[in-house]
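Data block below; observations after.
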Amino acid sequence: MPELPEVETVCRDLRSLGLVGKCIESVRIFRERIVSAPSCATFSANLTGAVIASITRRGKFIVMALDDGRFLLTHLRMTGSFSPRLKDTPEGLYDRVRLGFHDLDLVYQDPRAFGRMWLVQSLESVLGKLGPEPFDPALTTRVFHTRLHMHHKMLKSLLLDQEFLAGLGNIYSDESLFEAGLHPKRESDSLLPEEADRLLTAIRMVLDSSISQGGTSLGDGVGNFTSNGHAGTNSMQLRVYQRTGQACVRCGQPIERIVLGQRGTHFCPHCQTLTGEPIAGQVRPF
DNA sequence: AGAGCTGTTACCAA
DNA sequence: TTTGGTAACAGCTC
């Protein structure tokens, strides 16, 4: 379920585990469909003996650069997670892939098994179509506005499109639109430069704030996002996501839930107008 | 017990 | 090009 802030948190956790510089001594695959490419046999054979040179993030992908120039990519999809495991501990119910290091194992767990891994020579084949990183300085307001006008699409759908912008999912799309005061159904090519600026600023603020909270954990069931075994605390900061019927923190009106593009969409019908007209009444600033 | 929901994405049809 | 439906899979909530 991880979006950009959760994946960023996972990368930091993996680095703090001390994996950078360590050799992958063994590879065990318990659910073959997790390995997208190459074949499982080749994946295991070619990954064994490689040393992890760095661990970074691109969109919602975890990028482990290896010392031989190849890359181990992981996408957690809905319920994927990494956990350190003492060596010789038994296989867990949702363990899908297990990497053995000299002093510990790293287990990829995934109850729904939607997540995927790739071992590739170049990033292009998997990451090539991804849109810009939200924090890329080259993504100026002007560029963002231009990109918005390249599509005639509802803002909510466009923000979920990883080829438009890399890293947003359902939570942060809704939160960013609220923060920007824009209706989820607003057409992307109708935004004024000032509105595009507000949206980009909101996206960066919402993501940055969540990263500083260690990401968003919802509930405590299996597959829920955690960091170092602990829940991220950003759920406390959510303004609209999963707050259907509750009072808007800005104007007090009830938050509404609709379905757009098959995804639950939460917004304040009073603060997020379709027309972009100024909001009447007593409200707090965004 | 059963129906409907879920943080993601790929694919197909219209 | 865009939206909508379905699918992968399993757990959670009501």
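Chain A is the first sequence line, chain B the second, and so forth, proteins listed ahead of strands; every chain is numbered from 1.
- Looking at A:Thr89 and A:Arg98, their side chains do bring a donor and an acceptor atom within 3.5 Å of each other.
- For the pair A:Tyr172 and B:dG7, the criterion of a side-chain N or O lying under 4.0 Å from OP1 or OP2 is not met.
- Residues A:Glu179 and A:Tyr172 bring no donor and acceptor atom of their side chains to less than 3.5 Å of each other.
- Considering only side-chain N and O atoms, A:Arg263 lies nowhere under 4.0 angstrom from the phosphate OP1 or OP2 of C:dG4.
- Ring planes of A:His151 and A:Phe164: perpendicular class, angle over 60° (limits at 30 and 60°).
- Considering only side-chain atoms of A:Glu3, the nucleotide from C:dG4, C:dT3, B:dT8 that sits closest is B:dT8.
- Between A:Arg77 and C:dC9 there is no side-chain polar atom (N or O) within less than 4.0 angstrom of OP1 or OP2.
- To the nearest angstrom, C1' of C:dC9 lies 17 Å from CD of A:Glu32.
- Consecutive pairing runs in DNA chain B reach the stem threshold at B:2-6 with C:10-14, B:8-14 with C:2-8, where a stem means at least three Watson-Crick or G-U wobble pairs with distances under 3.5 Å.
- B:dG7 sits 23 Å from C:dT2 when the P atoms are compared, rounded to a whole Å.
- With hydrogens and angles left out, the side-chain atoms of A:His152 and A:Asp189 include a donor and acceptor closer than 3.5 Å.
- Taking the P atom of each, C:dC9 and B:dA1 are spaced 24 Å apart, rounded to whole Å.
- Between the CZ atom of A:Phe114 and the C1' atom of B:dG7 there is a distance of 12 Å, rounded to whole Å.
- Taking atom CD on A:Glu175 and atom C1' on B:dG7, their separation rounds to 13 Å, with Å as the unit.
- Looking at which nucleotide of DNA chain B each of A:Arg112 and A:Leu160 is closest to, the 5′-most match is held by A:Arg112.
- Counting to the nearest Å, the C1' atom of C:dA8 and the CG atom of A:Leu76 are 17 Å from each other.
- The side chain of A:Gln162 places no N or O atom within less than 4.0 Å of a non-bridging phosphate oxygen (OP1 or OP2) of B:dT8.
- Rounded to whole Å, the distance from CD on A:Gln262 to P on C:dT3 is 11 Å.
- Using a 3.5 Å distance cut-off with no hydrogens or angles, the side chains of A:Gln109 and A:Ser83 do pair a donor with an acceptor.
- Atom NE2 of A:His266 is separated from atom P of B:dC5 by 12 Å (rounded to the nearest Å).
- Between A:Arg257 and B:dT6, a side-chain N or O to OP1/OP2 separation shorter than 4.0 Å is present.
- The CD-C1' distance, from A:Gln242 to B:dT6, rounds to 8 Å in whole Å.
- The distance between atom CD1 of A:Ile34 and atom C1' of C:dA8, rounded to the nearest whole Å, is 11 Å.
- Neither side chain, A:Lys153 nor A:Ser188, offers a donor N or O lying under 3.5 Å from an acceptor on the other.
- Among the protein residues, A:Arg33 comes within range of the sugar-phosphate backbone only, with heavy atoms under 4.0 Å from sugar or phosphate atoms but none that close to a base.
- Considering only side-chain N and O atoms, A:Lys60 lies under 4.0 angstrom from the phosphate OP1 or OP2 of B:dT9.
- Note on A:Arg31: every side-chain N or O is 4.0 Å or more away from OP1 and OP2 of C:dC9.
- At B:dT8, none of the side-chain N or O atoms of A:His75 fall inside 4.0 Å of OP1 or OP2 (strictly under the cut-off).
- Inspection of the A:Ser209 and A:Ser212 side chains reveals no N or O donor paired with an N or O acceptor under 3.5 Å.
- Salt bridge annotation for A:Lys156-A:Asp174: present, with a cationic side-chain nitrogen under 4.0 angstrom from a carboxylate oxygen.
- Residue-nucleotide stacking is not present for A:Phe225 and B:dG7, judged by a side-chain ring centre under 5.5 Å from the six-membered base ring centre and planes under 30° apart.
- Phosphate proximity of C:dT1 to A:His151: absent, as no side-chain N or O sits under 4.0 Å from OP1 or OP2.
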